[in-house]
4 protein chains.
Amino acid sequence: MSSTSTRPARARSAEEKHQRRYDILRAAERLWTAASYAELSMNQVAREAGLAKGTLYLYFDTKEELFLALLGEHLHRWIGATAELFTERRPRSPEQVAAVLLHHAEHLTPLRRLLVLLGTVLERNVRPELALEFRRDLDLQLRRLVAHMPYDPDTAMRVLRHLYAMTIGWQQLSESLPGSDPVTAQPRGPQDSGLYSEFELALRAILHQLTPSEPLAATAS
Amino acid sequence: MSSTSTRPARARSAEEKHQRRYDILRAAERLWTAASYAELSMNQVAREAGLAKGTLYLYFDTKEELFLALLGEHLHRWIGATAELFTERRPRSPEQVAAVLLHHAEHLTPLRRLLVLLGTVLERNVRPELALEFRRDLDLQLRRLVAHMPYDPDTAMRVLRHLYAMTIGWQQLSESLPGSDPVTAQPRGPQDSGLYSEFELALRAILHQLTPSEPLAATAS
Amino acid sequence: MSSTSTRPARARSAEEKHQRRYDILRAAERLWTAASYAELSMNQVAREAGLAKGTLYLYFDTKEELFLALLGEHLHRWIGATAELFTERRPRSPEQVAAVLLHHAEHLTPLRRLLVLLGTVLERNVRPELALEFRRDLDLQLRRLVAHMPYDPDTAMRVLRHLYAMTIGWQQLSESLPGSDPVTAQPRGPQDSGLYSEFELALRAILHQLTPSEPLAATAS
Amino acid sequence: MSSTSTRPARARSAEEKHQRRYDILRAAERLWTAASYAELSMNQVAREAGLAKGTLYLYFDTKEELFLALLGEHLHRWIGATAELFTERRPRSPEQVAAVLLHHAEHLTPLRRLLVLLGTVLERNVRPELALEFRRDLDLQLRRLVAHMPYDPDTAMRVLRHLYAMTIGWQQLSESLPGSDPVTAQPRGPQDSGLYSEFELALRAILHQLTPSEPLAATAS
DNA sequence: CATGAATGAGCCTTCATTCAT
DNA sequence: AATGAATGAAGGCTCATTCAT
């Protein structure tokens with residue numbers, strides 16, 4: 001119910017409909033932060049959005065589609081923000097690149113968990129054409145990000161792939177352990193051996209390995 | 001039903017019972033490869049094992065216990081095999097250590113997904129004493145493995161943690177892509193840029209980063 | 001399905017919902033007449049009510065709650081009707097009191113069996129606050145009834161206790177025999193030696209025993 | 001397992017078989033004292049008897065048959081003991097008769113609860129010929145008892161019927177209440193208003209009502 | 001005769017989805 | 001467009017009964 005107090009009873013215009021869809025995704029996101037996919041029922045999402053259960057199905061055909069949309073949104077957001085940061089900072093050294101890639105880490109917790117879902121549950125009960133569209137869109141966005149990175153496209157893509165794998169891996173590791181979020185968690189000093197610094201350290205090691213000491217000139221338009 | 005065609009109708013001896021338990025775990029494993037925990041019903045496991053639903057409950061008190069046993073098995077197997085390999089080969093360089101750690105990679109595919117479960121679902125509906133026993137056993141085994149590695153215990157544990165995270169991450173990555181298993185998949189030549197070699201490359205980079213150029217003398221007994 | 005042929009497909013208004021709840025209770029009651037609690041499945045109740053299994057759970061959280069509601073209903077009904085009858089008739093002699101107590105005997109058949117359940121199964125799987133409310137309500141109603149009886153409260157309560165025990169006992173006896181319901185069954189004449197008259201005779205004997213020849217002035221308000 | 005330590009591994013002779021059947025009934029009886037019919041599994045009975053589950057089914061076709069046999073036994077025992085007591089004491093007044101009828105009350109708790117079962121669950125899943133036989137045997141025994149009572153047969157049977165109904169009724173009442181066993185419970189003094197004395201009081205009232213002040217001469221052979 | 005592993009119908013309950021309103 | 005009552009497949013689990021040994 002939170003933060004959607006004033007709102008038209010019915011979404012008539014396209015814009016209102018878009019807004020309603022957005023509200024639903026926000027509700028799902030709020031719950032997603034604290035509960036796993038299986039634990040999270042459509043009923044809860046509906047209640048959180050201040051809507052009836054059936055209404056959700058006007059905007060999303062299945063539960064999976066809802067969460068796939070949520071994933072798309074998060075990816076979009078992160079890629080956009082990171083691309084922008086590359087343009088602003090024009091990082092060169094592996095450390096600098098790592099810093100850029102990790103800058104929006106705090107937004108990543110839900111994203112990482114959604115990515116894990118992608119390989120597990122999502123796309124299972126989704127219209128094939130939607131799945132395909134998702135893949136295409138993701139590809140497009142990644143290409144856009146790659147264009148902003150100070151490496152040749154192949155290398156940049158490899159870097160992203162490593163980032164992706166490590167992100168998921170450390171996320172899962174953190175969930176298997178009593179400790180909390182590996183990425184959001186603040187490093188606690190130079191001698192910190194927490195999960196976050198391990199993750200960062202690994203990312204740096206990879207970047208050193210993958211990229212020549214002197215990166216290409218940035219190709220961002 | 002698959003591959004358990006000849007078998008006594010009833011498991012009378014302790015050995016037969018052990019075998020039946022083993023069969024059930026194998027059935028669960030086969031299904032587990034293709035479906036997530038929540039998707040996988042005891043009914044399916046029973047059918048796959050060629051047994052009735054109720055029979056499963058003669059061998060495992062709950063669904064969680066069944067999967068905890070599966071996890072235990074996999075851990076035991078991989079740790080044992082890898083520890084042995086350390087003893088045999090006594091690897092020194094990061095490359096050599098990486099090779100040992102990856103040698104039994106094919107065992108890891110289900111293992112890493114089971115490990116994810118551990119922190120999420122397993123141990124929820126399990127007799128407390130069993131959960132405790134599991135934790136203790138895991139701890140013991142890890143210590144045993146660490147003792148065989150050519151690093152001081154803390155470093156060795158960090159290495160394992162990185163291996164674990166990367167393993168999971170690349171697993172998930174591979175599942176999100178048309179390509180197949182990143183670890184099991186055979187490298188396809190010197191210029192292969194498949195997921196496997198990326199995974200390996202990353203592991204090597206980490207090892208280089210984590211370990212001093214000159215490892216300790218191996219401490220394996 | 002019986003006797004609920006015309007009915008809205010969905011209960012929208014509060015009244016319709018109340019009616020649906022009522023239908024479910026009636027269905028449960030019809031089955032309850034012929035089967036014990038343990039034998040009676042929610043599936044059967046649903047079928048009898050012409051509803052889907054899940055629908056029952058929209059109206060009752062658990063099986064126990066459903067039957068607790070049924071018991072509450074019966075108690076309420078019998079106590080109310082009997083209290084009213086005391087007010088109307090103001091009986092004095094044991095015979096007159098017995099007549100009042102037995103007047104609504106047809107309501108008692110399911111009631112007494114439900115009462116047995118109360119101490120055995122019900123309240124086991126019921127929200128504590130509901131159980132408490134039930135106890136309070138029952139107490140209140142009994143007090144109300146007692147207030148209408150022409151005896152001091154302790155004696156009145158003893159009378160009710162005897163009525164209760166005898167009611168149950170003769171109920172069971174009748175079920176063990178080819179004959180039908182001992183209480184509902186109509187006496188068949190002055191020389192009738194059926195179960196019903198035995199029951200009535202016993203009740204009268206008890207009343208004579210328990211109550212002084214001259215009852216108190218009725219205290220009904 | 002209790003008290004059946006030495007016993008042949010297999011019952012070969014008819015006598016041994018009878019003994020084994022007896023052991024099973026004793027085990028069921030021990031458990032029956034503390035648990036309801038539904039709560040009591042055949043597994044438990046088997047364990048208590050120190051036998052395997054399957055063995056029970058060599059002696060009883062169904063769970064119901066087992067408990068029907070138990071009921072038969074208890075009835076037999078009580079009727080026999082009470083008939084004997086009538087012969088010994090030759091009671092005349094209602095109080096004396098009541099005393100005889102209640103003399104073995106402490107043995108009756110399981111019997112009463114079995115009688116309740118009779119009208120509820122037993123005979124449901126029993127071979128019809130067995131049910132018939134049970135009825136016939138019960139009838140026979142009751143006639144035997146009646147012959148020892150100091151009333152004409154019809155009156156005596158009525159008395160027994162009342163005893164039966166009240167027995168069941170007060171049993172059920174006691175189970176619905178926090179208090180304990182109504183009959184076994186010791187009266188606690190002249191002013192005791194416990195369930196037991198109520199039961200006794202009711203029985204006396206009935207006897208007074210049913211029987212002429214001067215009973216017939218006893219007809220016991 | 002005895003065993004106890006195996007069976008499978010059945011239990012209560014949940015929840016994504018549908019559809020009458 | 002919105003609702004939320006209704007659905008019913010599916011879930012984990014139990015236990016009286018069967019049957020291979």
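Excluded from the calculations below are hydrogen atoms, water molecules and symmetry mates; all remaining heavy atoms, backbone and side chain alike, are included. Letters A, B, ... are given to chains in the order of the sequence lines, protein chains preceding strands, and every chain is numbered from 1.
- Remark: P of E/dA2 and CG of D/D23 are 11 Å apart, rounded to the nearest angstrom.
- For F/dT17, the OP1/OP2 oxygens have a side-chain nitrogen or oxygen of D/N125 closer than 4.0 Å.
- A distance-only check finds no donor-acceptor pair linking the side chain of C/W32 to the backbone of C/Y37 [under 3.5 Å].
- At a threshold of 4.5 Å between non-hydrogen side-chain atoms, the residues C/R21 and C/I24 do not count as touching.
- Among the heavy atoms of the strands lying under 4.0 Å from A/S41 are primed sugar atoms or P, OP1, OP2 only; no base atom is included.
- For B/A11, the side-chain atoms get nearest to E/dA5 when compared with the rest of E/dA2, E/dA5, E/dT17.
- By the 4.0 Å N-to-carboxylate-O rule, C/E73 lies close enough to C/R26 to be salt-bridged with it.
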Expected rows: protein N/O vs nucleotides 18-21 of chain F N/O, under 3.5 Å:
| unit_1 | atom_1 | unit_2 | atom_2 | d |
| --- | --- | --- | --- | --- |
| F/dC19 | O2 | B/R10 | NH1 | 3.0 |

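- With respect to B/R124 and A/E39, a salt bridge is recorded, a charged nitrogen being found less than 4.0 Å from a carboxylate O.
- Judged purely by atom type and a 3.5 angstrom limit, B/T62 has no side-chain atom pairing as donor or acceptor with the backbone of B/V126.
- Both D/L58 and B/Y59 sit near DNA chain E, but only D/L58 has its closest nucleotide nearer the 5' end.
- To the nearest 0.5 angstrom, C/K53 atom NZ is 11.0 Å from C/T55 atom OG1.
- Atom CD1 in C/I24 sits about 15 Å away from atom P in E/dC12, given to the nearest Å.
- Remark: B/A11 engages B/E16, B/K17, B/R20, B/Y59 in a side-chain contact (heavy atoms from CB on, under 4.5 Å) (not counting sequence neighbours).
- Note: CD (D/E39) to C1' (F/dT14) measures 14 Å, nearest angstrom.
- Rounded to whole angstrom, the span from the CZ atom of B/R20 across to the P atom of E/dG4 amounts to 16 Å.
- Residue B/E15 qualifies as open at atom CD: its count of foreign heavy atoms under 6.0 Å is 12 or below.
- Within 4.0 Å (heavy atoms only), C/L40 reaches sugar-phosphate atoms of the nucleic acid but no base atom.
- With the end axes of the helix from E/dA2-F/dT21 to E/dT21-F/dA2 each set by five pairs, the angle from one to the other reads 20° at 10° resolution.
- Atom CG of A/L31 and atom P of E/dC15 are 14 Å apart (whole Å).
- Position along DNA chain F of the nearest nucleotide to C/T55 versus B/E64 favours C/T55 as the more 5'-ward residue.
- For the pair B/K63 and B/Y57, the cation-pi test (distance below 6.0 Å, angle within 45°) is failed.
- A sub-4.0 Å separation between OP1 or OP2 of F/dG11 and a side-chain N or O of B/K63 is absent.
- Atom CZ of D/R47 and atom CG of D/L31 lie 9.0 Å apart (nearest 0.5 Å).
- Straight-line distance from the CZ atom of B/R47 to the C1' atom of E/dT7: 15 Å, rounded to whole Å.
- Here F/dA1 presents its C1' atom at 14 Å from CG of A/L56, a figure rounded to the nearest Å.
- Residue B/Y37 contributes atom OH, which lies 11 Å from atom C1' of F/dG11 at whole-angstrom precision.
- D/L66 comes within 4.0 angstrom of nothing in the nucleic acid, heavy atoms only.
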